[in-house]
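Encoded as structure tokens, the structure appears first; notes follow it.
Since the model is a prediction, treat every value here as computed from it, not as a measurement.
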Amino acid sequence: MMETDTHTMTLAAAGPGRWTTVAGPEWRNMGGGLWGGYAIGLCVRVMEAEAEAAGEPLSITLTYAAALPAGELDIRTRRLRQGGSIGVWEVELRPAGAEEVGVHAIVTMARRPDTPRFAFARMPDAPPPESLPSPDSPIGSRHFGAQAFERRTAERFPPAPSSNSHTLTWVRARQGSWDKALLGMVTDNSPPRALYALGPPINNTTLSLTVYLHATAREIAEIGDDYLLIECEGRVGGGGAADERSSYWRRDGRLLATSEQLAWYREARREPPE
């Protein structure tokens, strides 16, 4: 049995296109299921371990069909197509022994050629991360996103309801250097945009998320353990669904990744005082 261990994700091969792992309780979100960013990182890790996959992850589209519990998980991979430069793979994450899929993903793999660069987007102005406070929690209380990332921002949390959901936040990995798995994981690390329109309390869960990993693995490795700037905003919400889009910038202004997310939200019931 082959095992690899990176960023606390240990994969054990269980046959062709079959893997198992154990997700620790520290990756659970406040609702009890696993944080959505964990599933993104796991998809990257399993494609890196898949012997038949060529290239590196370029895009990932995830559908969160059901909450994944902490504990043992089964992972299934299936190649849908492999061309000269582009491959398309399906990844399914399930609780161990279950037939029902918890998270379904389509991963586009690519051998990245050397082509002329161009960029229309520009990194927004932001104060340096060293000048901003870190809303650190005691290490014993860290869970899901806080387990992996340190955030620095001038924004107050929870936000007051307003007509503006645009935020800028510096983020860096707590342990180790940036790679494709961590960059994918951070795309599910921003507060839900419904909070900025309605204020707390909000029940929110991700329905689908697509991340485009524009940077190559080498370009991401060049960041080391430095901060990335996350620019995030929501556009519309209603009928229980709200969207958000984000951009992820290297300090030198290079755009590393973009993401689109659709969330399901409800105003939480306020309990009357006794």
Side-chain angles (χ1 to χ4, degrees), residues 6-7 9 35-48 53 55-64 86-89 91 103 105-113 115 117-124 126 129 144-145 148-153 165-174 176-193 206 208-235 243-263:
T6 49
H7 294 308
M9 294 180 185
W35 167 49
Y38 178 88
I40 301 170
L42 190 55
C43 286
V44 174
R45 287 283 174 249
V46 76
M47 292 313 304
E48 290 173 343
E56 58 189 61
L58 178 61
S59 73
I60 309 171
T61 295
L62 302 99
T63 298
Y64 295 86
I86 302 294
V88 181
W89 286 74
V91 180
V103 177
I106 296 294
V107 182
T108 301
M109 303 289 290
R111 295 185 176 99
R112 306 294 297 273
T115 56
R117 289 189 173 277
F118 62 90
F120 300 111
R122 292 293 180 266
M123 180 177 172
F144 59 108
F149 304 110
E150 174 198 345
R151 298 171 61 86
R152 289 180 180 261
T153 180
S165 73
H166 183 269
T167 58
L168 297 173
T169 304
W170 291 99
V171 177
R172 69 176 175 183
R174 290 193 182 276
S177 300
W178 288 100
D179 60 13
K180 285 229 164 181
L182 283 171
L183 183 58
M185 292 169 75
V186 83
T187 64
D188 195 37
N189 192 234
S190 296
R193 297 299 102 171
T206 300
S208 63
L209 188 151
T210 295
V211 54
Y212 302 104
L213 297 164
H214 306 295
T216 65
R218 178 184 57 80
E219 291 166 342
I220 297 169
E222 290 172 355
I223 309 165
D225 61 357
D226 196 13
Y227 289 92
L228 304 183
L229 182 67
I230 301 177
E231 180 184 16
C232 184
E233 67 175 343
R235 287 166 293 193
D243 84 329
E244 66 179 63
R245 61 182 175 184
S246 300
S247 299
Y248 306 84
W249 304 88
R250 208 164 71 177
R251 201 191 286 244
D252 63 3
R254 176 165 291 182
L255 184 59
L256 301 173
T258 53
S259 66
E260 292 273 350
Q261 184 171 165
L262 184 68

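With 3.5 Å as the limit, one finds no donor-acceptor pair spanning the side chains of Tyr227 and Arg251. In this structure, a donor-acceptor pair under 3.5 Å is absent between the side chains of Ser259 and Thr187. With no hydrogens or angles considered, a side-chain donor-acceptor pair links Arg193 and Thr167 at under 3.5 Å.
With values rounded to the nearest 0.5 angstrom, Lys180 atom NZ is found 8.5 Å from Ile60 atom CD1. Rounding to the nearest 0.5 Å gives a distance of 6.5 Å between OH of Tyr248 and SG of Cys232.
With sequence neighbours excluded, the residues forming a side-chain hydrogen bond (donor to acceptor under 3.5 Å, both in side chains) with Glu231 are His166, Trp249, listed by chain and number. For Glu233, the salt bridge (Lys or Arg N to Asp or Glu O under 4.0 Å) partners at least two apart in sequence or on another chain are Arg245.
Here the rule is side-chain contact (heavy atoms from CB on, under 4.5 Å) with Glu56, and of Thr216, Val44, Leu213 only Thr216 fits it. For the side-chain contact (heavy atoms from CB on, under 4.5 Å) with Asp179, the lone residue among Arg45, Glu48, Met185 that qualifies is Arg45.
For the pair Cys43 and Leu62, the minimum side-chain heavy-atom distance is below 4.5 Å.
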Could you walk me through whether Trp89 and Met47 pass the side-chain contact (heavy atoms from CB on, under 4.5 Å) test, one step at a time? CA-CA 9 Å; Trp89 286 74; Met47 292 313 304; 3.3 Å; yes
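With Trp178 as the aromatic partner, Arg250 does not meet the cation-pi criteria of under 6.0 angstrom to the ring centre and within 45 degrees of the ring axis.
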